[in-house]
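Quick note on labels: first sequence line is chain A, next is B, and so on, each numbered from 1. If you're wondering where the values come from, they're calculated on a predicted model, not measured in any experiment.
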Amino acid sequence: DQPTAMNAFELISLSKGLNLENLFDI
Amino acid sequence: MGCFVSRSRRKFPAQEKTVTLAAETAFTVSEVEALYELFRSISSSVIDDGLINKEEFQLAIFKNKKKENIFATRIFDLFDVKKKGVIDFEDFVRSLNVFHPNVSLEDKIAFSFRLYDLRNTGFIERAEVKEMLIALLYESDMKLADDVIETILNKTFSEADLNEDGKIDLEEWTNFVAKNPSLLKIMTLPYLRDITTSFPSFIFNSNVDEVAA
C-alpha cells in the first residue's frame, strides 16, 4: 500500500520500535 | 564475593513466584521459566543486575543502544509497571502476557490504546497521533509533506473519532480496530507459543520440582 492509502495507525504500526519480535532474536 | 553475587542473580525466581505468574497469565510454569532465560539475557546485556533498563530494552529491539525511539520508549514505560525506571521479571512476564496469542482481544485493545495515549490522558489525541506519525517517518526515512500528513490525520479521525471531539476514547478505539483488525497484529507474538523450544536451557535451571505442562 502507498503510505497515503493507509490510516495513521497502520503507518505507525510499521515502526520497528513496536515490533517486539526482535526481543526474541538474541 | 563478586562471583557469589553474580551467580545468585542468575538463579531462577522462587518456585512460588513462578507458579503464581503461571497461574495469573497465559503462560505455563515451564514457559515462565523459559521467559526467565530470555529476561536474563536481556537484563545482563549492559548491566548484570537482574533488571532491564531502557538502554538494554532498546538494545534488544534495535540491536543498537544509541537509537532513541518514542515507540520503544513508550513500550518500555508500559512494561515498567511499578514505575521504577526498570523492568523486573514480574513486569516482564505480565506485560508480555498481553502479547500471548491466547489472551483476550479486549486486553490487547486496552493495551494498544494505552500505547498510543502517549500522555496518559485517557484519550488518543490528534497531536499525539501526529507526533507518532512524524516519528515513524523519521525512523523509516519516509518523507511526506505536512499537508499529506494532515490529510491522513483527517481521514483517520473522520473514521475513528465518532463523536468528533478531536480525540479518540477507548470505545471509539474499540470500534476502530474492529473495522481495522490489522492494527492489532503488533499485539500478538506467535513466538510466545514456542518459548520453551526457543530457550530449552530452562530445564537445567528449573526451581520447580515437577515442570508443569
The reported gap from CZ in B:Phe76 to CG in B:Asp91 (rounded to nearest 0.5 angstrom) is 9.0 Å

Among B:Ile70, B:Leu137, B:Ile75, the residue with the most heavy-atom pairs under 4.5 Å to chain A is B:Ile75

Please confirm whether the ring centroid of B:Tyr191 lies under 6.0 Å from the ring centroid of B:Phe99. no

Between B:Ile134 and chain A, which part of the residue has a heavy atom less than 4.5 Å away: side chain, backbone, both or neither? neither

Quick one: what part of B:Val148 sits under 4.5 Å from any heavy atom of chain A, side chain, backbone, both or neither? side chain

Structural part of B:Ser182 lying under 4.5 Å from a heavy atom of chain A: side chain

Aromatic ring proximity, centroids under 6.0 angstrom, B:Trp173 and A:Phe9: yes

Contact class of B:Leu189 relative to chain A, heavy atoms under 4.5 angstrom: side chain

Cut-off 4.5 Å, heavy atoms of chain A, and the answer for B:Met187 is neither

Interface moiety of B:Ile124 toward chain A, non-hydrogen atoms closer than 4.5 Å: side chain

With rounding to the nearest 0.5 angstrom, report the CG to CD distance, B:Leu133 to B:Glu150. 9.5 Å

Chain A heavy atoms under 4.5 Å from B:Tyr138: which part of the residue, side chain, backbone, both or neither? neither

Would B:Asn69 and B:Glu139 count as having a side-chain donor-acceptor pair, cut-off 3.5 Å? yes

Portion of B:Phe157 that has a non-hydrogen atom of chain A nearer than 4.5 angstrom: neither

Pair B:Phe92 + B:Tyr36: ring centers closer than 6.0 Å: no

